[in-house]
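First up is the structure itself, then whatever we jot down about it.
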Amino acid sequence: MYLEGHIHFEDLEFEYGYSCMPDRLQFYTKEENDFRMEVREWCKNHVEPVAEKIDRERNIELAVEILRKMKPYLNIIIPKEVGGLGKGILYRTIFGEELTAFSYALAGIFGASSCLFAGPIIEFGTQEQKKKYLSGIADGTKIGAIGITEPTGGSDAIGGMRLKAIREGDHYVLNGEKCFITNGSVADYICLYAKTNDQVRAHQGISAFIFETNTPGFEVIKEYKHMGRRGMPNSHLRFKDCKVPAANILHRENEGVDVLLFGLDGERTFTASQYLGLARSALEVAYKYAHKRVQFKKPIYSFEGISFKLSEMFMDVELNRMAIAQIARMLDDGYNCRASVAAVKTRIADATVRITQDAVQIAGGLGYSEEYPLERYYRDAKIGQISAGTSEIMRYIITREMIRMWGK
Ligand SMILES: Cc1cc2nc3c(=O)[nH]c(=O)nc-3n(C[C@H](O)[C@H](O)[C@H](O)COP(=O)(O)OP(=O)(O)OC[C@H]3O[C@@H](n4cnc5c(N)ncnc54)[C@H](O)[C@@H]3O)c2cc1C
């Protein structure tokens, strides 16, 4: 309904990504910028029309349908030898920023399947495992997930792990639970971590498995209803006497922690790029609104109370994008930059909470309403400080890394 005096979202003639065009992104190569623009175009055509609907209706079915259509990019990290694009972390961060600028829920579904499930198999899988489990992920016929967290093991996932896998002949029998598993209720496969030896220190008694969810005894006991990323399945799972073939162990028995820790920095850099995409969209909407909205006979942008908020947003978005790109390149070149990864993930997570909150503030009552996507961004932003390692745990990693780098 058109209401005189309101600045309707349509009035902004909003184009996602206008603040982030190649002519200002000289720290990326032409190929990288071309990739960015290609992904953005794909998202405009396929994600923008459904992003609100996925959120409002918590429409998991629709979100999964779009994921399956994401074929050109589902194989982004899968090596060329196995039919993938074989792109590194930098490309993943460009993709993460662009996709999340349109829908954070979809970015979560994508990340759990194409990165968090596929990543460990690419690195540690046998040729048979790669052939069997990666092709379906790459063409969208199968969906993957990663199962680490349990009710007793969140930040202390390794120390608190209780899911048990006991070897019986040529298979393992699994009993226990996993919680907060993204894609848990729609996944065909889970990269699942379980205790295979409780007589040793936790780090030495965990194994990684490729678990097929059609295994008898597997049950989705709950779908979480989170404040944000609505439409992204996130589930509580139970495993009761589930038989998993010994051939489905990933890497080696009791060496699952190597699998779990491998690639963590790349994943965290990828998640940082997602927060950036969310922050960027909030900034872009708020900026346009501030120029259109007139109060006291002036656009509200002319008031420093508003324009300085936008300047602060610009600082966080611009500098974090540069940091993410640089860190991603260092990771692609094989450098250890764990402290920098933790730093950028925490900084952009905190900034995104602030930016999305300020964006709502700038749009006033409309920002607080479902007329604008800003309330969605605000709800979505909070998870950045919680998942993929909480902001407290990131700070802890930095304190540990400082001692590792410089001594006491
Ligand atoms: C939307 C969503 C998606 C997720 N997806 C997945 C998934 O796909 N797969 C998966 O395995 N897990 C997933 N998780 C789980 C996620 O990784 C955990 O929620 C996260 O690690 C935190 O664990 P917790 O929730 O148990 O919090 P807790 O570990 O109980 O922490 C509670 C609070 O205590 C703080 N805290 C804990 N230890 C310390 C310490 N030593 N010092 C200071 N503060 C501390 C934390 O920072 C936090 O603020 C997801 C979670 C959510 C909400």
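Remember, it's 1-based here, ligands and their atoms both numbered in the order they're listed.
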Which part of [X] is near ligand 1, with near meaning a heavy atom under 4.0 Å away: side chain, backbone, both or neither?
| X | result |
| --- | --- |
| Ile383 | side chain |
| Asn234 | side chain |
| Thr390 | side chain |

> Would Glu52 and Arg56 pass as an ion pair if we require N to O under 4.0 Å?
Replying inline: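 Result for this pair is yes, salt bridge flagged.
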> With a cut-off of under 6.0 Å to the ring centre and 45° to the axis, is Lys288 in cation-pi contact with Tyr18?
Replying inline: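 That pair qualifies as a cation-pi contact.
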> Hey, does the Lys NZ or Arg CZ of Arg238 hover above the aromatic six-ring of Phe218, less than 6.0 Å from the centre and inside 45° of the axis?
Replying inline: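 No; the conditions do not both hold, so Arg238 does not lie above the ring face of Phe218.
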Could you tell me whether [atom] has a protein heavy atom closer than 4.0 Å?
| atom | answer |
| --- | --- |
| atom 42 (N) of ligand 1 | no |
| atom 3 (C) of ligand 1 | yes |
| atom 30 (O) of ligand 1 | no |
| atom 34 (O) of ligand 1 | no |
| atom 53 (C) of ligand 1 | yes |
| atom 7 (C) of ligand 1 | yes |

Taking [atom] as the reference point, the nearest protein heavy atom with its distance:
| atom | answer |
| --- | --- |
| atom 23 (O) of ligand 1 | Gly154 CA, 3.4 Å |
| atom 14 (N) of ligand 1 | Phe180 O, 3.4 Å |
| atom 40 (C) of ligand 1 | Ile393 CD1, 4.0 Å |
| atom 27 (O) of ligand 1 | Ser155 OG, 4.3 Å |

Where does the angle between the aromatic ring planes of [X] and [Y] fall among parallel (under 30°), tilted (30 to 60°) and perpendicular (over 60°)?
| X | Y | result |
| --- | --- | --- |
| Phe209 | Tyr172 | perpendicular |
| Phe95 | Tyr73 | tilted |
| Phe124 | Phe262 | perpendicular |
| Phe14 | Tyr16 | perpendicular |

> Taking the six-membered ring for Trp, is the centroid-to-centroid distance between Phe303 and Tyr301 below 6.0 Å?
Replying inline: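 No, the ring of Phe303 stays outside the 6.0 Å limit from the ring of Tyr301, centre to centre.
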> Do the ring centers of Tyr289 and Phe9 come within less than 6.0 Å of each other?
Replying inline: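 No, too far apart.
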Does the N or O separation between [X] and ligand 1 drop below 3.5 Å for any pair?
| X | value |
| --- | --- |
| Thr149 | yes |
| Ser387 | no |
| Arg229 | no |
| Ile146 | yes |
| Glu392 | yes |

> Are any non-hydrogen side-chain atoms of Arg40 and Met21 less than 4.5 angstrom apart?
Replying inline: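 SC-SC contact between Arg40 and Met21 confirmed.
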> Going by heavy atoms in the side chains, are Leu260 and Ile148 under 4.5 Å from each other?
Replying inline: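 Contact flag for Leu260/Ile148 side chains = yes.
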>> I'd like to check which ligand 1 atoms, numbered from 1 as shown, lie under 4.0 Å from a non-hydrogen atom of Ile386.
In response: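 So the answer, numbered in order with elements, is 20 (C).
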> Which heavy atom of Ser103 sits nearest a heavy atom of Val47, and at what distance?
Replying inline: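 Heavy-atom minimum between the residues: CB-CG1, 3.6 Å.
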